[in-house]
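In what follows, every chain begins at residue 1, and chains take the letters A, B, ... in the order their sequences are listed. No experiment lies behind these values; they were computed from the predicted model shown.
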Amino acid sequence: MSASQPMISEQAQSKFAREVAKYPADQKQSAVMACLTIVQEEQGYVSAASEKLVADYLGMAPIAVHEVTTFYNMYNQQPVGKYKLNVCTNLPCQLRDGAVALKHLEHKLGISMGETTPDGMFTLQQSECLGACADSPVMLVNDLTMCSFMSNEKLDQLIAGLQSAEANTQ
Amino acid sequence: MTVTVNSVISPEAKNLLSQFAATGVQSSFHGRHINPQIMADLNGSNWRLKDYEARGGYAALRKILAQGDAKSPNDLQVVGMTPDQVIAEVKLGGLRGRGGAGFPTGLKWSFMPRQFPGQKYLVCNSDEGEPGTCKDRDIMQFNPHSVIEGMAIAAYAMGITVGYNYIHGEIFATYQRFEEALEEARAAGYISQEMGDKILGSNFSFQLHASHGFGAYICGEETALLESLEGKKGQPRFKPPFPASFGLYGKPTTINNTETFAAVPWLIRHGGQAYLECGKPNNGGTKIYSVSGDVEWPGNYEVPLGTPFAKLLELAGGVRGAAQGRTLKAVIPGGSSAPVLPAAIMMECTMDYDSIAKAGSMLGSGAVIVMDDTRCMVESLKRLSYFYMHESCGQCTPCREGTGWLWRMVDRIHTGKGKPTDLDLLNSVADNIQGRTICALGDAAAMPVRAMIKHFRHEFEAMISVATPQSAERLTT
């Protein structure tokens with residue numbers, strides 16, 4: 001992945017247009033969160049250069065875009081691993097092994113929360129309430145897939161499966 | 001970081017991930033609801049428009065928009081309903097806001113200045129981040145059209161032509177599902193494709209769009225949500241002015257919770273009186289409780305308001321490990337911001353706004369966090385205090401500084417470094433946050449502290465009286 005060239009693809013630009021169309025013509029800024037999400041989906045994180053592109057697209061000051069990137073927890077301000085794993089440890093999850101799941105992954109991946117494995121495969125993060133409390137332990141993967149009832153055994157299966165899928169694509 | 005992996009996620013990996021995704025079987029399709037309205041007959045695959053219509057969906061919208069000659073003055077099926085009649089029906093039904101405050105929905109709708117000549121907005125608050133709550137996710141994932149229909153009815157009642165549903169960023173798959181449902185509703189003509197498109201042969205038009213957050217608890221606060229919808233940091237606004245006069249883009253705006261909107265179609269179809277009779281006076285209808293923590297079967301349970309807590313606990317399979325001697329210690333009855341209640345008080349409560357308020361807590365979002373007799377309340381409070389520190393938006397000094405102070409004190413008590421004066425200081429800091437901030441996050445951080453100390457003071461004192469971290473550790477394990 002080339003991190004230094006934040007080109008926005010045509011596909012992403014058409015997604016931008018779709019988001020902007022949801023709001024009044026003089027309120028394009030309302031689409032900023034969606035646009036940054038589209039950038040992150042495509043590039044893995046939101047760089048300063050991407051913020052500038054989004055700012056230009058929406059007619060915003062770059063600092064106003066940066067305020068959004070830094071305020072909302074799910075935007076990656078630096079590159080992260082191919083799989084970003086967010087484990088909820090808030091109280092309802094803490095009562096059902098959320099912290100156990102996080103510890104298990106720290107041990108298994110050999111990193112502490114907040115870190116990325118040296119091979120760039122996994123970033124592990126503790127997160128606040130994901131809104132899936134009945135399915136605890138829960139883990140959100142790449143801001144999209146909410147994995148439920150993640151016992152240590154299921155975590156092992158998932159990690160092994162992702163590693164093997166990666167090996168198969170090499 | 002050296003990136004050595006291929007950044008493209010293979011179909012094999014995607015397929016694998018999907019196998020771990022929530023199915024709703026455990027959380028909502030367990031068949032242990034009581035007289036469900038929103039969750040009735042759902043199975044996970046019947047979320048599409050045709051399924052919703054087969055369950056009687058969009059009949060309420062058709063009913064209010066119907067035009068023709070009445071055979072009798074009460075024949076609403078033929079004459080439709082005026083906006084005033086819709087609001088009167090919602091008031092009669094005793095529907096109260098399901099997001100946390102429990103404010104009467106019909107009354108809120110009547111605050112909207114219907115004759116305001118400019119644009120007005122309807123907003124659905126689906127930023128479900130209150131720890132313990134996961135009902136709106138399942139409503140939107142498995143019955144999205146109930147929310148769309150409810151919003152269309154509300155828009156009609158208030159003369160609103162544009163609406164947004166702001167969805168918690170963490171449930172992005174549900175946001176995508178809701179977008180799909182919107183496309184279906186547009187194609188079928190239940191909501192407008194283009195600005196001004198009339199719905200079902202009436203003069204009413206309503207455009208509805210989905211929007212999403214991206215990880216900020218504070219955006220569940222309605223004015224922070226409006227700021228976020230405007231593309232800014234989610235920092236709450238001073239009230240007044242209230243959103244009904246100065247809301248999204250400075251225009252009159254009504255904001256309701258997802259479950260509130262989802263309740264409306266049933267209420268309109270069956271009438272306010274029938275809805276009221278499902279619950280109890282002043283607490284009409286059913287409520288979806290998200291039961292989490294130390295129960296056998298955590299999940300969403302839709303039951304009539306006024307159902308005894310003991311019954312709800314039974315539906316969730318009782319306290320986990322009861323056969324091994326585990327007993328109920330405490331319950332946080334309405335999401336993490338609600339004051340904790342000891343088991344003895346909780347077992348006497350019925351699950352409705354008034355009963356829980358009388359017991360000294362609040363029904364909030366209906367998130368019931370159950371704790372068994374092995375739980376350390378200091379440790380529990382420590383986790384909650386960390387959360388409020390993390391999520392304070394930083395705007396008001398008492399909250400920004402106070403939430404960190406609270407967490408540091410609870411943390412030092414938990415690690416055996418607490419001082420005898422800490423409990424009074426905790427209460428004092430909580431007192432000086434509560435009621436002194438722009439929004440309710442400050443109150444939400446303070447209330448759990450005060451309630452935990454009030455009901456479980458001995459646990460805090462026991463940890464403070466021990467001298468070393470090691471001995472404190474023994475107490476927590």
Contact part of B/Tyr175 toward chain A, heavy-atom cut-off under 4.5 Å: side chain, backbone, both or neither? side chain
Test: B/Asp373 and B/Lys329 ion pair at under 4.0 Å: no
Are B/Tyr249 and A/Pro24 close enough that some pair of their side-chain heavy atoms sits under 4.5 Å apart? yes
Highest number of heavy-atom pairs under 4.5 Å with chain A among B/Val295, B/Leu248, B/Asp138 belongs to B/Val295
Contact between B/Glu230 and A/Gln29 at the side-chain level, heavy atoms closer than 4.5 Å - yes or no? no
May I have the step-by-step check of side chain to side chain donor-acceptor pair (under 3.5 Å) for A/Glu42 and A/Ser9, ending in yes or no? CA-CA 8 Å; A/Glu42 190 165 292; A/Ser9 70; 2.7 Å; yes
What residue, out of B/Glu391, B/Glu179, B/Met371, has the most heavy-atom pairs lying under 4.5 Å from chain A? B/Glu179
Is A/Glu115 in contact with chain B via its backbone, its side chain, both, or neither, using a 4.5 Å heavy-atom distance? neither
Contact origin within B/Tyr301 toward chain A - heavy atom pairs under 4.5 Å: neither
Proximal component of A/Tyr83, with respect to chain B [non-hydrogen, under 4.5 Å]: side chain
Region of B/Leu17 that comes under 4.5 Å of a non-hydrogen atom in chain A: both
I'd like to check A/Val87 versus A/Ser127 (side-chain heavy atoms, cut-off strictly below 4.5 Å). Are they in contact? no
With only heavy atoms counted, which part of B/Leu229 is less than 4.5 Å from chain A, the side chain, the backbone, both or neither? both
Picking from B/Gly293, B/Cys393, B/Ala216, which has the most non-hydrogen pairs under 4.5 angstrom with chain A? B/Gly293
Interface residue of largest heavy-atom contact number with chain A, from B/Ser290, B/Gly169, B/Pro11, under 4.5 Å: B/Gly169
Largest heavy-atom contact set with chain A, pairs under 4.5 Å, which of B/Lys14, B/Gln119, B/Arg375, B/Glu128: B/Arg375
Donor-acceptor pair, B/Thr133 side chain versus B/Glu130 backbone, under 3.5 Å? yes
Non-hydrogen atoms of chain B under 4.5 Å away: do they reach the side chain of A/Asp26, the backbone, both or neither? neither
For chain B, find its close neighbours in residues 93-108 of chain A: heavy-atom separation under 4.5 Å, sorted by number, or none. A/Gln94, A/Leu95, A/Arg96
Taking B/Arg383, B/Gln19, B/His168 one by one, which has the highest count of heavy-atom pairs under 4.5 Å against chain A? B/Arg383
Could you tell me whether B/Glu296 and B/Arg320 have a side-chain N and a carboxylate O separated by less than 4.0 Å? no
Within 6.0 Å of CD in A/Gln78, more than 12 heavy atoms from elsewhere: no
Between the side chains of B/Glu259 and B/Lys135, is the shortest nitrogen-to-carboxylate-oxygen separation below 4.0 Å, so that they form an ion pair? yes
Under 4.5 Å heavy-atom distance to chain A, tell me which part of B/Val162 shows up: side chain, backbone, both or neither. neither
Are any of the side-chain nitrogens in B/Lys382 or B/Glu379 under 4.0 Å away from the carboxylate oxygens of its partner? no
Per the ring pair (Phe, Tyr, Trp, His ring centres under 6.0 Å) rule, which among A/Tyr75, A/Phe71, A/Tyr72 passes with B/Phe214? A/Tyr75
Hey, can you tell me if A/Tyr23 and B/Tyr164 have their rings parallel, tilted or perpendicular (30° and 60° cut-offs)? parallel
What part of B/Thr174 gets closer than 4.5 Å to chain A, counting heavy atoms only: side chain, backbone, both or neither? neither
Would you call A/Lys28 and A/Glu19 a salt bridge, using N to O less than 4.0 angstrom? no
Cut-off 4.5 Å, heavy atoms of chain A, and the answer for B/Ser211 is both
Result for side chain to side chain contact (heavy atoms under 4.5 Å, CB included) between A/Cys129 and one of A/Val138, A/Thr89, A/Asn90, A/Leu91 points to A/Asn90
Would you mind checking which part of A/Leu140 comes under 4.5 Å of any heavy atom in chain B, side chain (CB onward), backbone (N, CA, C, O), both or neither? side chain
